[in-house]
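As structure tokens, the structure follows; a few thoughts come after it.
Every chain is numbered from 1, with letters handed out A, B, ... down the list of sequences. As a basis for the values below, the full set of heavy atoms in this structure was taken, side chains included, without hydrogen atoms, waters or symmetry mates.
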Amino acid sequence: MDIQEYFSLVFSDYTLRTISLGTAILGAVTGMLGSFAVLRKQSLLGDAISHAALPGIAIAFLITGSKDSNTLLIGALVSGLIGTFWIRGIITKTHLKSDTALGLILSLFFGFGMLLLTFIQKQPNANQAGLDKYLFGQAATLVESDVWLMTIVTGICLFVLLLFWKEFKILLFDKDYAKTLGFNTKTIDVLITSFIVLAIVLGLQTVGVVLMSAMLLAPAAAARQWTNSLSKMVFLAAMFGAFSGVFGTALSASQNNLSTGPVIVIVASIFVIFSFIFSPYRGLLFRQIRFIANRRDLELQKTLAFMYRIAETHENISHPHAIKILNNFQGFTRKTLQKLVDKNYVTIDGTMWSMTEKGFETASNLYNQQVVKYE
Amino acid sequence: MDKKLAVQIDDLTVAYNYKPVLWDIDLEIPEGVLMAIVGPNGAGKSTLIKAVLGILKPIAGSVSIYGKPYDKQRSLVAYVPQKGSVDWDFPTTALDVILMGTYGSLGWIKRPGLKEKKTALEALEKVGMLPFKDRQISQLSGGQQQRIFLARALVQDASIYFMDEPFQGVDATTEIAIINILKELRKAGKTVIVVHHDLQTVPEYFDWVTFLNVKKIATGPVKDIFNDDNLTKTYGINYKVSIQE
């Protein structure tokens, strides 16, 4: 199946439609919440939470013996939340920095989870196979009820986000100030964190424990490049996330069923790379172009200013001077001279240059123009 | 004292870990003063403000604002945090930051409307930042960012203003602009409490001063207590400042 075929099938084929919808919704909700994680400088929190969910999945299976995805996700949710609150506890109760706390919990829970998984595999129970799909995810196992669950959670999340938008914003920007205004910052904090945990747990089946944090961070990091408004950033991140989900699914379905989770993550990363380079204000490319253009402008202006100082010593401003005397001025080249001629600031006659009325006028106002430009 | 007390602090002690940062502070701030809190680094100046505002939980002691606990008097108090305490690359505009000053009176869920926006624009104008209202905050200079923080507190329309180093890293023009606004606030009967570092300007800017170094060294009118004796007690070295009348 090629990509074209995918898009013609996506509306009619039940499996494809379910998976595409699921990954799109998942991408949207993780992108939305990821914006908050990124702005709070808690980018690694997602990684820790997703790894912390693994033992929950194994324990849920050991207790119930069922592989029903909802049962396992409840286990994941519980252990994800425990991991998160331990991280918070470590940060507030000890001198350890947050990266240390995150790393500790991540490896501890993940190690324990892997231990349980191998233990389960050794059991003489035919039902045990397939739990390891939570490591890297398997979008193909998504069914309609999973998508419904994602939709409901996303809906609730969106509702809460819009309701407490102002509170979320002030908590992200200035927590102490929010406290002095009388907002219970702990409640807002717990609310955001719980939603992030919920979104991550929802994505485990599709993208897996290992790559889940990329779903949270990549769309948000890409979105930040394009806008300076929080609402637009959250919206864009949701869009980027949803597109990554759909394109990732399309690519994986069209290329011999490549593993969907990793493909989605790679598509999201391409959004990031593209945004880093090509976004108009923060992007590397345009920033470099602006930098070079600015430098050229300044070089030209400095040359003009230098000529102005020579011309102003003569009664007649258009008195001709030798081009040679410009040579010991740093930044002077034939090219800049030509540009000045093109702008009609100076005229050249053989080896002599002379300033025009317009050039003199411009040069005498150069500094003021600079000031205006940067005000 | 015949004047009303704006802030009364009793036996306030704050510790981060084992070592107390503030020890048994008793402080009475009369209404309508423009007060500097001075002291060396680590003296607990910011901590004092944060403990009064309930950002930090003290180990012991109590704070009252016009005779009642802070929780009940929030609307009477505005706060200007240190400029470095937030991430200025946050995706928002100058006007948006100032609108945050209205969040307290709005309460939960309710969004700022036209009325709040008008107040915010007036505050922007007051600090001379109106042309920058839609500017992304990372594209403002340090002095402009400080003015934004000041405007945000002005929007709160409080009776008592706590400011944590509002003159830090600002140029002379901004410093003068800010002090003029502070003096205007005092003229309007407000109480302004400022953590301040530049001892030279204390007599010129303030009429009240508190010397702090973990313990309270002295508090009172600048003309009575701003002298070498108290400075030496606070900073531990022989400090000579010329006080102009």
A:Ala221: side-chain contact (heavy atoms from CB on, under 4.5 Å) partners, not counting sequence neighbours: none
OG on A:Ser50 to CG on A:Leu216, rounded to 0.5 Å: 9.0 Å
Student check: side-chain heavy atoms of B:Trp208 and B:Thr191 closer than 4.5 Å: no
Among the listed options A:Lys41, A:Lys232, A:Met233, A:Arg224, the residue most often paired with chain B at heavy-atom distances under 4.5 Å: A:Arg224
Among the listed options A:Leu230, A:Asn228, A:Ile170, the residue most often paired with chain B at heavy-atom distances under 4.5 Å: A:Asn228
Sidechain-backbone polar pair: A:Ser279 side chain, A:Phe276 backbone, donor-acceptor under 3.5 Å: no
Pair B:Phe167 and B:His197, ring centroids less than 6.0 Å apart: no
Contact origin within B:Leu99 toward chain A - heavy atom pairs under 4.5 Å: neither
Contact class of B:Val97 relative to chain A, heavy atoms under 4.5 angstrom: side chain
Close side-chain approach of B:Val80 to B:Gln146, heavy-atom, < 4.5 Å: yes
Nearest-0.5 Å distance that lies between atom CG in A:Leu39 and atom CG in B:Asp87: 8.0 Å
Distance (rounded to the nearest 0.5 Å) between B:Ile193 CD1 and B:Ile29 CD1: 4.0 Å
Flag for B:Ser46-B:Gln82: side-chain donor and acceptor within less than 3.5 Å: yes
Distance, nearest 0.5 Å, that separates CG of A:Leu45 from CG of A:Leu102: 6.0 Å
Chain A-proximal positions within residues 101-114 of chain B [heavy-atom distance under 4.5 Å]: B:Gly101, B:Tyr103, B:Gly104, B:Leu106, B:Gly107, B:Trp108, B:Ile109, B:Lys110, B:Arg111, B:Pro112
Proximal to chain A - members of residues 54-72 of chain B, heavy-atom separation under 4.5 Å: B:Gly54, B:Ile55, B:Tyr70
Side chain / backbone / both / neither for A:Arg40 at chain B, heavy atoms under 4.5 Å: neither
Rounded distance [0.5 Å steps], CG in A:Leu236 versus CE in A:Met239: 8.5 Å
Region of A:Phe173 that comes under 4.5 Å of a non-hydrogen atom in chain B: both
Aromatic plane relationship, A:Phe168 with A:Phe164 - under 30° parallel, 30 to 60° tilted, over 60° perpendicular: perpendicular
Of all pairs that satisfy side chain to side chain donor-acceptor pair (under 3.5 Å), the ones with a partner from residues 163-188 of chain A, not counting sequence neighbours: A:Lys169-B:Asp96, A:Asp174-B:Arg152, A:Tyr177-B:Gln156, A:Asn184-A:Thr187
Region of B:Phe149 in contact with chain A, defined by heavy-atom distances below 4.5 Å: side chain
